[in-house]
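Keep in mind that the numbers below use all heavy atoms, side chains included, and drop hydrogens, waters and symmetry copies. Starting from 1, each residue takes its place in the sequence as its number. Here the structure is a predicted model, which is why all the values come from computation and not from measurement. As the structure lists them, so they are numbered: ligands from 1, and atoms in each ligand from 1.
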Amino acid sequence: MTNPASYGLTQAATATPHSLALEELARNGFTILTEALSPGQTATMRDALDAVLAAQTARFGAERLAAIGDAGQARALLEEAPIFLDILQVAALEALVEALLGPAALVMQQNGIAMPPQGAAHHQQSWHRDLPYQSWVASKPLALGALAVLDDFTAVSGATFFLPGSQSQPDFPSAAYAARWAHQAITPSGSIVVFDAMCFHSGGVNRGHAPRRAVNTLFGIPLLAQQIAFADRPGLDPKMRQRLGLDYAPQPGVDAWREGRHRRLASRTA
Ligand SMILES: O=C(O)CCC(=O)C(=O)O
């Protein structure tokens, strides 16, 4: 532990319930929420991820998935297994999403990753941003990734590496810099690693004997497009409808857009 004393500072930080997590996100680009999901939830999610991955692989074909670099990855999980809506209900995660992206944040994608064992390769083992092909930075976060840890993230299982502060630099650094400063997010199952989507990260190689599974839910400001349109379903509260973009779908024409806006504003003044 370093000495917490300081001198010459002109302002002192005040601690609020999520201030450390927000500070880590601002400075490093990532933070870890431990014990965010219960052991029961992670066990159900592991089985559900295996089932959705098997079903989606059978539907599209393993060879065709490999050809598009999408093997070992399930997409839009909450569409096929409602347990994955639980991730959107984690209060500490919701607080960070709302603080950084605002109340109208949307779920852009929800991907399940099974990092194969025995050192096998996976598409996500390359450095990338979750808003890829962007070599510029914004003054505020545009999107946040929330990597729900279903199997322990360890050095052996290939926990994800993050490059601290890279959300604030337009370009990827030199290989020597990345090798020296990469930080591995070692944390037990049930944690959620929350990161600025512009922070460079890379899955580690899994040298263990079992797959290392995780679910990445990408939240973004409503200026960004969702990857997949989520289906409406009964029983969703207004916050969930908002997050899934059910009230924000592009309208078929000007009149429909105006009717919708009229309804929304009228309901506010009623
Ligand atoms: O599971 C991992 O280690 C990496 C996942 C990842 O990079 C992603 O979903 O963008």
Discussion item. Applying salt bridge (Lys or Arg N to Asp or Glu O under 4.0 Å), can you list everything that pairs with Arg258, at least two apart in sequence or on another chain?
Written reply: none
Worksheet item: Take atom CD in Glu35; do more than 12 heavy atoms of anything else shown fall under 6.0 Å from it?
Response: no
Item to complete: Tell me, please, which residues at least two apart from Asp237 pass side-chain contact (heavy atoms from CB on, under 4.5 Å).
Response: Lys239, Met240
Fill in: Output field: ring centroids Phe30/His201 closer than 6.0 Å
no
Practice prompt. Please list, chain by chain and in numerical order, all residues satisfying ring-ring contact (aromatic ring centres under 6.0 Å, His included) with Phe200, sequence neighbours excluded.
Written response: Phe172
Discussion item. Could you check whether Arg64 makes a cation-pi contact with Phe60, meaning its NZ or CZ is under 6.0 Å from the centre of the six-membered ring and within 45° of the ring axis?
Written reply: yes
Worksheet item: Who's touching ligand 1 if we go heavy atoms under 4.0 Å?
Response: Ile113, Met115, Gln124, His128, Asp130, Thr160, His201, Gly203, Arg212, Asn216
